[in-house]
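Since the structure comes first, as structure tokens, the remarks are kept for the end.
Just so we're clear, the structure is a prediction, and the values are computed from it rather than from any experiment.
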Amino acid sequence: MENAKKQFSLPSIFKLKPKADSKNDDKASKLPIVLSYLYLAIPMYIFMFGWLKLPFAFIMAVVLTFGLFKAWRDAPKMEITLFERRNIGKLLIIIALAMLWVYLSGIGGFAFQNYDHMWRNAVLEKLVTQEWPVIITETGAYFDKPAALIYYFALWLPAACFGKIFGLSAAHTFLYWWCVIGVSLVFILLSALNKKISIWLILGFVFFSGLDAVGDFVLHNSTNYIWFANNHLENWAFGFQMSSLTTQLFWVFNQAIPAWLITLLLLCQKDNRSVIFIYSFSFLSCTLPAIGMLPILACIGISRIARTYDRTKAFNENGKPILKEALSFQNLVTGVLTALISYLFLKSNSTGNSGFRMTEIKKLMMSYLIFVLLEFLVYYFAIYKTQKKNPLFWTSLVTLLIVPMISFGPHVDFVMRASIPSLIVLYTLIADSMKKNTEAGDKKANTIIVALLIAGGFTAYHEISRSVGTTIEHSSNDEVTIIANEIDLYEDGARGNFFGEYQDSAFFKYLAKN
């Protein structure tokens, strides 16, 4: 029994034990978890009343509210108290870092926006200016039937509500602050897993990346990307791409922020009472990361069962408490219904993709091997000694090895997005390994990890440098634009990613407003 527990036990960074003695301390230690639940639930409430028929909206709102209440009650307590005097200063610093990072990403339109923002801005514009559900009746040559906006747009919904009252410009400003809140919660949960607020931990998160600069140098013999510049480094490996955390925020924030938050929430759980509930929010906010999150979810759930299973008892005696824990109301009812409604909505769009298929890995074998080595394997080698008995180490590693072998649609979006949860897990494992190396006095191991993080940090530096440089240039030269090109989302050539013929779908037939 003891051996089994050791084999499946999570490292200290993933164990959140009750610490507080008073009710007020209990509430304070749960507050970041509770706020994170609310952050994910608010867009779902908006979606329910914006897209569902009123009776279904009320039913789902009651189900979500009750599930939310149950999840709050079962929320794990953190081992750090954020509002202690010694932590207030650091807490303000990480919130300031969140504000700066989101500002430089271009969200809100205050700083330079990368190319992909033209689609992000267009989604928000449609949500603000059109009635919900967003329906295009005059489809012309694009679709044979009326088309609906069908996309994982949960992150935009609070800003869209604000914009319907105060206008599109106000919606962009609100979106900036909504993303700041999300990133701040990510930083706080990361600190909770680390059991202390560390500015270095947060900066490491901002700059965490694979060794893109080295890959470009090796494959293209170019020093332009290794040194301090502002080039986009991510697409150095033909046929494959994984994005640094800064790149994710600067290009696909609508998927990145929810994926980070949901993954960290899952890692924070001390039991299985809310894991499906938490995971269900990923469908409408980060669909492709949700697929890559499944192995992580399974690993966390199975590890919890393995830790609590008592081999001295009969199977039935073990099975009852395990099932009771997993089949909680928030999991079985709220989580399943939330996931099902989100799935039926997204399934309505079947026109804009070419489906799942296997990557032609044999033709790309050399590129694949160099890609996986420099994107993440070097980190796994560096932390192997301290994490080799951790099931999350192997689960995230295998996931990252497999996702490049799968393609979805015409581009490399699947590997870029489905890899996000495992990359978050990898960073938490790196942080845990550095803590263990420090405790063991292993300076050499930490030196290697820091060297890898610095080499990977060139990617984030280039993204930030491009944003800062272009924004400063725009302040003195109006001809230098920082706002991404305006497009009509429906008229754009990528419309199939956002719109679909909906009339024959179960969601729009039975659940959606007319």
Side-chain angles (χ1 to χ4, degrees), residues 11 13 204-205 207-220 225-226 233-248 259 263 267 289 291-296 299 358-407 412 414-437 442 444-460:
I13 193 173
F205 186 88
F207 284 89
F208 182 58
S209 172
L211 310 189
D212 299 306
V214 178
D216 189 85
F217 177 75
V218 170
L219 289 187
H220 305 291
Y225 296 91
I226 266 193
L233 301 183
E234 304 285 6
N235 52 356
W236 60 272
F238 180 74
F240 307 102
Q241 186 172 328
M242 286 182 185
S243 302
S244 72
L245 301 187
T246 288
T247 303
Q248 291 170 28
T263 303
L267 295 177
I291 299 172
M293 203 180 294
L294 272 172
I296 306 300
C299 177
M358 296 303 295
T359 304
E360 295 182 352
I361 202 71
K362 290 183 179 179
K363 294 182 179 180
L364 302 170
M365 181 55 72
M366 186 55 66
S367 179
Y368 170 80
L369 292 175
I370 297 174
F371 172 76
V372 298
L373 173 65
L374 294 179
E375 280 292 346
F376 56 85
L377 276 181
V378 287
Y379 289 113
Y380 282 95
F381 290 145
I383 64 175
Y384 174 78
K385 182 179 177 181
T386 54
Q387 301 295 334
K388 60 185 177 182
K389 294 183 179 180
N390 181 359
L392 281 171
F393 174 90
W394 297 104
T395 302
S396 59
L397 172 58
V398 171
T399 301
L400 290 175
L401 287 170
I402 291 176
V403 291
M405 300 180 185
I406 303 171
S407 297
V412 292
F414 184 78
V415 60
M416 285 193 290
R417 310 307 168 223
S419 60
I420 292 175
S422 288
L423 291 175
I424 296 299
V425 171
L426 173 57
Y427 184 74
T428 62
L429 294 174
I430 290 170
D432 186 56
S433 290
M434 294 189 70
K435 179 184 287 188
K436 289 179 176 177
N437 291 335
D442 193 345
K444 181 179 178 182
N446 273 351
T447 300
I448 293 172
I449 292 173
V450 170
L452 291 173
L453 291 172
I454 291 173
F458 278 104
T459 302

Quiz item: Among L401, I406, T399, which residue meets the side-chain contact (heavy atoms from CB on, under 4.5 Å) test with V403?
Solution: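 When side-chain contact (heavy atoms from CB on, under 4.5 Å) is applied between V403 and each of L401, I406, T399, only T399 qualifies.
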Quiz item: So, the side chain of S367 versus the backbone of L364: is there a donor-acceptor pair under 3.5 Å, distance only?
Solution: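 Checked: no pair found.
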Practice problem: Answer yes or no: is there a donor N or O on one side and an acceptor on the other, between the side chain of Q248 and the main chain of S243, under 3.5 Å? | Solution: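 Checked: pair present.
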Spatial distance of atom [atom1] ([X]) from atom [atom2] ([Y]) [nearest 0.5 Å]:
X	Y	atom1	atom2	answer
N446	I430	CG	CD1	11.0 Å
L392	S422	CG	OG	9.0 Å
L377	F371	CG	CZ	10.5 Å
I448	M434	CD1	CE	11.5 Å
T428	N390	OG1	CG	8.5 Å
N437	T447	CG	OG1	9.5 Å

If you take all heavy atoms of [X] and [Y], which pair is closest and at what distance?
X	Y	result
P421	P289	CG-O, 3.3 Å
V415	Q241	CG1-O, 3.3 Å
Q387	F393	O-CB, 3.3 Å
L211	A455	CD2-CB, 3.8 Å
V378	L452	O-CD1, 3.6 Å

Sub-4.5 Å side-chain heavy-atom contact between [X] and [Y]:
X	Y	answer
I424	L245	yes
D432	T386	no
M416	T247	no
N235	D212	no
F376	L397	yes
F207	L453	no
I383	I449	yes

Quiz item: Is the F208 ring parallel, tilted or perpendicular to the Y427 ring (thresholds 30°, 60°)?
Solution: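 It falls in the tilted class, 30° to 60°.
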Quiz prompt | Stepwise side-chain hydrogen bond (donor to acceptor under 3.5 Å, both in side chains) check, T459 with S209 | solution = CA-CA 7 Å; T459 302; S209 172; 3.3 Å; yes
Self-check item: Summary of side chain to side chain donor-acceptor pair (under 3.5 Å) pairs that have at least one residue in residues 371-385, sequence neighbours excluded
Solution: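 Found W236-E375, Y380-S396.
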